[in-house]
Amino acid sequence: MPAVHRRQVLGFLGAVAAARAVLPSSARAALAGTLRIGIKALPASLNPLTVNDLVARQILGSMYESLTSVDPEGRILPGLALSWEASDNARRWRLALRRGVVFHTGRPFTARDVKRSFEAALAAEGANFAVLALSKVRGFRAMRERSATELSGVTVIDDHTLEVVCDEPCAIFPFARFNIVDAEAVAQAGPAWYREMSAGTGPYRLSGSAEGIRVDVEASPHWRGGAVPFERVSFLATGIGNDGIGLFNDSQIDFSFVDTDAMRAVIDDPGFKRALISCPRMQMRAVALDPRRVAAFGDVRVRRALSMLIDRAAMAERFFRGVARVHNGVVPPALLANERLEPLVYDPKGARELLAQAGHPDGRGIEPFTVHIVQEYRREFVYYVSQWNNSGIPAKLVVAPRQEFIARSRRRDYDAFLFGWTATYPDAMNFLDELFSSRSRFNPVGWSNAEFDGILDSAMALSDPERRADAYKKAERLVMADLPLIPLVVPDYVALRSNALSDNFITPFGGMNFA
């Protein structure tokens, strides 16, 4: 892709006028004190109790707080909970909550609101972030089966003290993301309450919305953190593709994330230099391999050969222009700096030797297989597949429609496919347990290892972070020794922002710093 020059972006996009039509005329005029954030498409629902996608979480992050928060380096900080203390091998937690916190509704925040927020999330249909985080709390199953209306494992000690009892060790409980709401106001407002009001404790409160076009929030007079940088924030649907770049260039928005396929063009353009910001992602990216469909994938030597044919350092430096990270494991180094892992080396000669040892000299005998991706990653994956083809490995790249890709990859209906995972809470367990535990429904390749499961079970009982990290390192070594999937380079989050925004406006979790 040629460089996208700041004064020539409209020509590059070819159809920014169509993207402009997405925004009402009132959105084009920058209001004093208003920050305009471009979002490809607004989520179908902004119910903070049932949120299950990243874009909704980005918007809700301006309005709702959780028990804990995270700094830009991924460290746990107090949120609505000032402190948390574990006992009984991390089965029991006592949380001391903040005093003097007021909801957008004007009601004071209490421990009862936390309990009722948990219960409301569990009473909702389908899966959401809160359901996953509460799965070990006593009474979870009864609530999900509708045989109880109260979460028996959560006890309100007083207005600012909460006790949570789990059926099994859960050392990571306080770190999960829960959107805490004014439960009384929500109950009174009815099932569609979130369309008309917000009931959180965050720096902004909902002020209006236009279905599928925009969501507007305004500074909350009850925010305990003092003055916020902007009086209002508008989240505007910019359309798909690179339309956000054009709208930013045309001064219609103040902020836009840059898609992976546009990163090189934007970074190479000197006109965007001062507007660019980036930060590492709390994410892993990989090629998931299904040995049920391709027998050769069942041999770790073949999997290692596939990995050794990828020059990750060159991809990070050349393809991603240095704005990317090479991880030697499956957990982002910011969450787990695992010095016990061997580097993922680029070694074509070693790969050929492993293929020969596996009975596949020059790739012969490996069944032809397809690697499925979505359009955004086509250029990157052309390199991977060509490297494998050059070594005789019969791989074919297939670009699938996004919704079809998501549905089929979730049910493991591909030979090989792009797999990514972004942390929903800042602990290595979010990657190790959710992706590689034999009992996890998110396990992308069905990998199972009894020793690994045992280590994670023991880690769940360790509230001491250093002891838990030691267990995590052992577990991650087991994954990397067997290499059930092929880790890839992880590009940073890259965004364009106006001068009014700080360099740390974006977070490693794909969110935004609003306060």
Side-chain angles (χ1 to χ4, degrees), residues 74 132 171-172 280-294 296-310 312 325-347 350-351 354 358 384 409-410 412 414 416-462 465-490:
L132 298 175
I172 48 81
R281 300 184 191 223
M282 290 291 184
Q283 186 183 83
M284 67 88 69
R285 298 168 73 247
V287 179
L289 307 171
D290 195 336
R292 302 174 308 168
R293 299 171 64 100
V294 179
F297 292 164
D299 192 320
V300 67
R301 293 169 296 186
V302 173
R303 300 195 296 271
R304 288 197 173 281
L306 289 167
S307 176
M308 292 164 69
L309 290 168
I310 296 175
R312 294 172 177 81
R325 315 287 158 152
V326 177
H327 299 170
N328 290 322
V330 292
V331 180
L335 290 183
L336 184 69
N338 195 346
E339 72 285 351
R340 304 174 194 177
L341 298 178
E342 296 292 331
L344 291 172
V345 298
Y346 173 57
D347 184 0
L354 283 175
Y384 303 141
S409 60
R410 282 177 176 171
R412 294 173 57 198
Y414 292 133
F417 58 94
L418 167 66
F419 179 81
W421 186 266
T422 300
T424 55
Y425 59 87
D427 190 88
M429 188 69 79
N430 191 210
F431 290 84
L432 297 172
D433 185 47
E434 300 290 4
L435 303 184
F436 302 105
S437 166
S438 60
R439 56 182 173 267
S440 172
R441 64 190 182 91
F442 297 105
N443 190 320
V445 293
W447 185 73
S448 179
N449 182 299
E451 183 182 359
F452 175 88
D453 287 348
I455 292 173
L456 290 195
D457 287 343
S458 67
M460 273 294 194
L462 300 173
E466 292 187 6
R467 294 179 62 199
R468 197 163 68 250
D470 185 67
Y472 290 159
K473 291 176 182 181
K474 295 176 184 175
E476 189 177 27
R477 282 193 68 184
L478 290 177
V479 174
M480 295 308 296
D482 205 23
L483 211 66
L485 40 69
I486 310 301
L488 302 175
V489 173
V490 180

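- Considering only residues two or more places apart in sequence or on other chains, Tyr425 meets the ring pair (Phe, Tyr, Trp, His ring centres under 6.0 Å) condition with none of them.
- For Phe452, the ring pair (Phe, Tyr, Trp, His ring centres under 6.0 Å) criterion is met by Trp447, not counting sequence neighbours.
- Evaluation of the salt bridge (Lys or Arg N to Asp or Glu O under 4.0 Å) rule for Arg281 yields no partner, not counting sequence neighbours.
- Scanning both residues, Ala288 and Phe419, for their nearest heavy atoms gives CB-CB, 4.2 Å.
- Here the OH-CE distance, from Tyr346 to Met308, works out to 11.0 Å after rounding to the nearest 0.5 Å.
- Counting heavy atoms from C-beta outward, Pro487 and Met284 have side chains that stay 4.5 Å or more apart.
- Pairing each heavy atom of Asn443 with each of Ser437, the nearest pair is ND2-O, 3.2 Å.
- Judged as a side-chain hydrogen bond (donor to acceptor under 3.5 Å, both in side chains), and not counting sequence neighbours, the contacts of Ser438 are Asp453.
- Between Val326 and Leu344, the closest side-chain pair of non-hydrogen atoms is not below 4.5 Å.
- Using a 4.0 Å cut-off between charged nitrogen and carboxylate oxygen, Asp347 and Arg304 do not count as a salt-bridge pair.
- Considering only residues two or more places apart in sequence or on other chains, Arg412 meets the side-chain hydrogen bond (donor to acceptor under 3.5 Å, both in side chains) condition with Asp290.
- Taken from CG in Leu335 to NE2 in His327, the straight-line distance is 9.5 Å, to the nearest 0.5 Å.
- Arg303 contributes a side-chain N or O that, together with a main-chain N or O of Asp482, makes up a donor-acceptor pair within less than 3.5 Å.
- Among residues two or more places apart in sequence or in another chain, the side-chain hydrogen bond (donor to acceptor under 3.5 Å, both in side chains) test is passed with Arg441 by none.
- Scanning for salt bridge (Lys or Arg N to Asp or Glu O under 4.0 Å) contacts around Asp427 gives Arg468, with sequence neighbours left out.
- In this structure the side chain of Val489 never reaches within 4.5 angstrom of the side chain of Arg325, judged on heavy atoms.
- Annotation for Val287 and Ala416: closest pair CG1-CB, 4.1 Å, computed over non-hydrogen atoms.
- Contact between Ala296 and Val302 at its shortest, heavy atoms only, is O-CB, 3.4 Å.
- Across all their heavy atoms, Ala423 and Asn430 have their closest contact at CA-OD1, 3.0 Å.
- Relative orientation of the Tyr414 and Phe417 rings is tilted, given thresholds of 30° and 60° on the angle between their planes.
- Between Met429 and Ala459, the shortest heavy-atom contact is CE-CB, 4.0 Å.
- Between Leu306 and Leu289 the shortest side-chain heavy-atom distance falls below 4.5 Å.
- Looking at Pro484 and Val479, their side chains come closer than 4.5 Å, going by heavy atoms from C-beta outward.
- For the pair Leu485 and Val330, the minimum side-chain heavy-atom distance is below 4.5 Å.
- Annotation: salt bridge (Lys or Arg N to Asp or Glu O under 4.0 Å) contacts of Asp470 (sequence neighbours excluded): Arg340, Lys474.
- Arg467 meets the side-chain hydrogen bond (donor to acceptor under 3.5 Å, both in side chains) test with no other residue; sequence neighbours excluded.
- Side chains of Leu488 and Tyr384 form a contact here, defined as non-hydrogen atoms less than 4.5 Å apart.
- Taking Leu336 as the reference, Val331, Asn338, Ala428, Ala469, Tyr472, Lys473, Glu476 meet the side chain to side chain contact (heavy atoms under 4.5 Å, CB included) condition, with sequence neighbours excluded.
- Applying the side chain to side chain contact (heavy atoms under 4.5 Å, CB included) criterion to Glu451, with sequence neighbours excluded, gives Asn449, Ile455, Leu478.
- Side-chain contact between Phe442 and Leu132: present, with at least one pair of heavy atoms (C-beta onward) separated by less than 4.5 Å.
- For the salt bridge (Lys or Arg N to Asp or Glu O under 4.0 Å) test, residues two or more places apart in sequence or in another chain that qualify with Arg301 are Asp299.
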